[in-house]
2 protein chains.
Amino acid sequence: MTKATIKDVAKLANVSLKTVSRVINNEPTVRAAKVKLVQDAIQKLGYKPNLAARNLRSSKGYALGLVYDNPNPYYIIDMQNGALSICREMGYGLQIHPCRSDALSIADNLVQLVKNNDLSGLVIAPPVSERADIIAVLKANNIHFVGIVSGSEEDKTLSPCMCVDDRSASRIITEHIISEGHSEIAFFWGEEVHKSSPERYKGYVDALQTHGIALNEALILQGQYSFDSGYVNAQKILALKHRPTAIVCSNDEIAAGAMAAIKSAGLSVPTDIAISGFEDSPFSRHSSPPMTTAKQATETIAASATKFLINKIRPISQEERGEETVMIFSPELIVRQSTLSPSP
Amino acid sequence: MTKATIKDVAKLANVSLKTVSRVINNEPTVRAAKVKLVQDAIQKLGYKPNLAARNLRSSKGYALGLVYDNPNPYYIIDMQNGALSICREMGYGLQIHPCRSDALSIADNLVQLVKNNDLSGLVIAPPVSERADIIAVLKANNIHFVGIVSGSEEDKTLSPCMCVDDRSASRIITEHIISEGHSEIAFFWGEEVHKSSPERYKGYVDALQTHGIALNEALILQGQYSFDSGYVNAQKILALKHRPTAIVCSNDEIAAGAMAAIKSAGLSVPTDIAISGFEDSPFSRHSSPPMTTAKQATETIAASATKFLINKIRPISQEERGEETVMIFSPELIVRQSTLSPSP
DNA sequence: CCCACTTTTGACAACGTTATCATTTTATTT
DNA sequence: AAATAAAATGATAACGTTGTCAAAAGTGGG
């Protein structure tokens, strides 16, 4: 009773072990009548296949791995939830694997991870997904994976991947700001290791060019994806003799930092300086004023990536299959007060 | 080369399969000389045990599950990282399992989860860990687990568990506020399903009693662990003809909401009303003014829980063992401007 | 109704490990 | 040095599933 095996099921259904196995894996070559017999027996015994045995014989793994190196908990959680929703649907477990993408040994670590935990594949978030060397090692070791990356075209190299079109989104944000009457617009970078940051920068540049606004190097500041970075950079901007009237920030945290700096200098957002973020973190809605930002459908993207990966891994069951290797997702502009010029 | 097995190792080391197995599982009854032989062979071949085979034969699982139902990403991430640090050290994988603690089927789901994914045990965060019915089912199904709960004594029932002493921490926060000269102090609850909230309430009451301050029902408001709840409740408080001079909030998000409401009513924190939170979320440091709060060592707690669980699961290897069934952790008071009365 | 052909089925080996228990080696006692 | 106990080792049988391949059962054409 504690543990029904295929043997028990076979006995009860009066068929061979192999036939039961066939039914379980719904192989097509079993007569309908027997299928029913077996299924009833399975039902009656409450039989559950033994994972270990199955994996041993078929050399398949236990779960998928989710690899990331990202300081933003909101982002990670969305990612996890997206991946998990599909894993559950498909009967996979999900193991998480945060890591430092700048560690030297990371590629080997990932290979180890897969072997040691018998994972069937990896879903890899940026920026790990954007490191060509790591990807190469994975491919060399025949590890199934799918990456989530920033960027729209060029990087077919990194396939298979899900792409987030940060560039367009950033362009759209910037154009929104321009349409609010600004022409002196600063840009705050995040880390360069995250490819999203250069992409977002490109989008900013695109928008300026389209509207014939010249780039002003003095208004473009390097930094990290952090509150403090935004704070510090905003102070620098405030110290300029000729201040910009808007700042496009690479993410919400930077924007929050910038906003704090501006307020503590006695100025106001958006009247004195307009601010935009990127990511739509919960706090962007709660800041005062609420923050204009771009919302990535992180959960959806992670879900798509996971679905793609599982399809890739699975013994091509009939129709499913044939999804694209590269899918593109476009973040959505969310306009809030932090960029809305008071009506004249 | 692709895959070395025990057999290969045995051949190279010129010993039997079983001896190799013994070395791998460091069983004590192998002569040092042979151990060395075998280890060298393992080294040379780059041998890695096959998880599936091992699990099949020994009917053990190879990953732990982390179960939680908590809307706070910072908390979850800390939990995950704490658990993961130990898992890695001990060679376990970690599967995550967020869930709705109010779902009826949750206990069964957990049992399924363990069976389907061959998990060796569960680390369970509140509030799931606090539901006696779920715990009972787990015990009935012989599933190894450890819970993380709020509360200091009474609940030996829920053992094995790691306890967070929310009550004392809340008392300490409240006493700090009293020592700043307040005596009209409101309290904002979180959800009652989280046992942390009643515990924190008790701590608040303890402090008032100790200092001979009478409880004022009008200042005690139900709510949820959310920004909006804090906002709404603060508005209610502000509408009172006799306003309190401080609010003790059940967590940081509530506090952030309350702070926002107070500011948008044109009042100031802490001059008009002092505010305290609980949890030390990153944004509590970045709010203006920065927020007094209590910091839970979430990562440490999760790590301890995980270590405990693994010790429990493992074939008692010599010395290790004998940890307590109930461990208590005390959050630490962090004083920031939101409760500091301006010096007179 | 028989033969060739396709579909369905089952017997048995195999996956890589650990458990059991008998055997050999080493240590201890007399 | 023999006898006995203790420790170390190995041969072989599991664990529960799927892969292989041959046998059995249908199907159709003549």
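In what follows, every chain begins at residue 1, and chains take the letters A, B, ... in the order their sequences are listed.
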Nucleotide interval of DNA chain C bounded by contacts with chain B (heavy-atom cut-off, under 4.0 Å): C:dG16 to C:dT26
Counterpart residues, ring pair (Phe, Tyr, Trp, His ring centres under 6.0 Å), relative to A:His194 (two or more places apart): A:Tyr225
Okay, side chain of A:Ser105, backbone of A:Asp108: is any donor-acceptor separation there less than 3.5 Å? no
Stepwise side chain to side chain contact (heavy atoms under 4.5 Å, CB included) check, A:Cys163 with A:Phe329: CA-CA 6 Å; A:Cys163 296; A:Phe329 296 82; over 6 Å; no
Can you sort out the partners of A:Tyr74 under ring pair (Phe, Tyr, Trp, His ring centres under 6.0 Å), two or more places apart, ordered by chain and number? B:Tyr74
Assuming nearest nucleotide by heavy-atom distance, tell me which of A:Glu27 and A:Arg31 is located more 5' along DNA chain D. A:Glu27
What's the angle between the local helix axes at either end of the helix from C:dC1-D:dG30 to C:dT30-D:dA1, using five pairs per end and rounding to 10 degrees? 30°
Please report the closest heavy-atom contact between A:Ile76 and A:Asn70, naming both atoms and the distance. CD1-O, 3.0 Å
Under a 4.0 Å heavy-atom cut-off, which of residues 48-57 of chain A touch DNA chain C? A:Leu56, A:Arg57
B:Lys44/B:Asp40 ion pair, N-O < 4.0 Å: no
Start at the 5' end of DNA chain C and walk down; is the nucleotide closest to A:Lys34 or to B:Ile24 reached first? A:Lys34
Heavy atoms of A:Thr306 and A:Cys87 approach each other most closely as CG2-SG, 3.9 Å
Less than 3.5 Å apart, any donor N or O on the side chain of B:Gln296 or B:Tyr75 sitting next to an acceptor on the other? no
Out of A:Val38, A:Ile6, A:Leu37, which residue meets the side chain to side chain contact (heavy atoms under 4.5 Å, CB included) rule with A:Val23? A:Val38
Donor-acceptor pair, distance only, cut-off 3.5 Å: does the side chain of B:Asn50 make one with the backbone of B:Ala52? yes
When you list every nucleotide of DNA chain D with an atom under 4.0 Å from a heavy atom of chain B, which one comes first 5' to 3', and which comes last? D:dA8 to D:dG16
